[in-house]
Amino acid sequence: MYYFCTSKMDSSIIASDFVEKLKPQVNFIPVCPEMEIGLGVPRNPIRIVLVNGENKLMQPSTGIDFTEKMSTFADSFLSSLTEEVDVLS
């Protein structure tokens with residue numbers, strides 16, 4: 001069974017047969033976006049919620065809005081990928 005490392009906010013591990021089957025076809029790049037925006041492990045959950053008609057990434061226990069931090073990280077991370085991607089049509 002293949003897994004990268006702890007993969008949940010509570011440090012538990014989720015193994016996946018599907019991921020195992022992808023190994024020969026995929027170059028995995030393990031990344032934890034929550035850690036990259038400064039959240040630790042373990043951490044309080046974050047949720048995508050609708051606020052005034054907009055999707056926001058919120059941490060209900062603190063009321064902190066992580067939307068901008070996550071968007072900035074995602075844009076930066078995806079822009080840093082230099083390997084060409086083959087897309088199935």
Side-chain angles (χ1 to χ4, degrees):
M1 185 69 63
Y2 188 79
Y3 60 90
F4 297 113
C5 57
T6 57
S7 57
K8 293 186 55 119
M9 62 191 177
D10 62 2
S11 299
S12 63
I13 294 173
I14 299 173
S16 170
D17 289 329
F18 178 73
V19 171
E20 181 68 31
K21 290 176 184 173
L22 287 176
K23 280 182 11 182
Q25 309 299 321
V26 176
N27 178 22
F28 289 105
I29 303 171
V31 62
C32 178
E34 294 88 352
M35 296 274 300
E36 295 293 332
I37 65 168
L39 296 172
V41 175
R43 64 179 159 270
N44 292 325
I46 55 176
R47 302 279 185 254
I48 299 172
V49 297
L50 194 60
V51 177
N52 297 324
E54 292 184 50
N55 287 322
K56 298 286 185 176
L57 185 62
M58 304 291 296
Q59 189 172 51
S61 64
T62 64
I64 297 174
D65 181 349
F66 288 97
T67 308
E68 187 61 35
K69 275 187 168 184
M70 186 62 79
S71 292
T72 300
F73 165 72
D75 290 343
S76 174
F77 179 76
L78 293 173
S79 295
S80 75
L81 300 178
T82 57
E83 192 170 315
E84 200 170 302
V85 177
D86 291 327
V87 179
L88 300 174
S89 49

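Numbering starts at 1 and runs along the sequence shown.
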Task: Straight-line distance of Met70 CE to Leu39 CG, nearest 0.5 Å - done: 7.0 Å
Task: Contact summary for Cys32 and Arg43, nearest pair of heavy atoms - done: SG-NH2, 4.0 Å
- [ ] Give a yes or no on this: more than 12 heavy atoms of other residues, nucleotides or ligands lie within 6.0 Å of atom CG of Leu50.
- [x] yes
Open item on the list: Walk me through whether Gln59 and Thr62 qualify under side-chain hydrogen bond (donor to acceptor under 3.5 Å, both in side chains).
Closed with: CA-CA 6 Å; Gln59 189 172 51; Thr62 64; 2.9 Å; yes
Task: Close side-chain approach of Phe73 to Val31, heavy-atom, < 4.5 Å - done: yes
Task: Between CD1 on residue Ile48 and CD on residue Glu54, distance to nearest 0.5 Å - done: 13.5 Å
Open item on the list: Between Ser71 and Thr67 (side chain of the first, backbone of the second, donor and acceptor by atom type, cut-off under 3.5 Å), is there such a pair?
Closed with: yes
Task: Atom pair OG/CD1 of Ser80 and Ile29 - distance to nearest 0.5 Å - done: 7.5 Å
TODO: Output the distance between atom CD1 (Ile46) and atom CG (Asp65), rounded to the nearest 0.5 Å.
DONE: 10.5 Å
Open item on the list: Return the NZ to CZ distance between Lys56 and Phe66, rounded to the nearest 0.5 Å.
Closed with: 13.5 Å
- [ ] Find the distance between CD1 (Ile37) and CG (Leu57) and round it off to the nearest 0.5 Å.
- [x] 6.0 Å
Task: Val49 with Ile64, same ILVMFWY side-chain cluster at under 4.5 Å - done: no
- [ ] Determine whether Arg47 and Pro60 make a side-chain contact, defined as any pair of heavy atoms from C-beta on separated by less than 4.5 Å.
- [x] yes
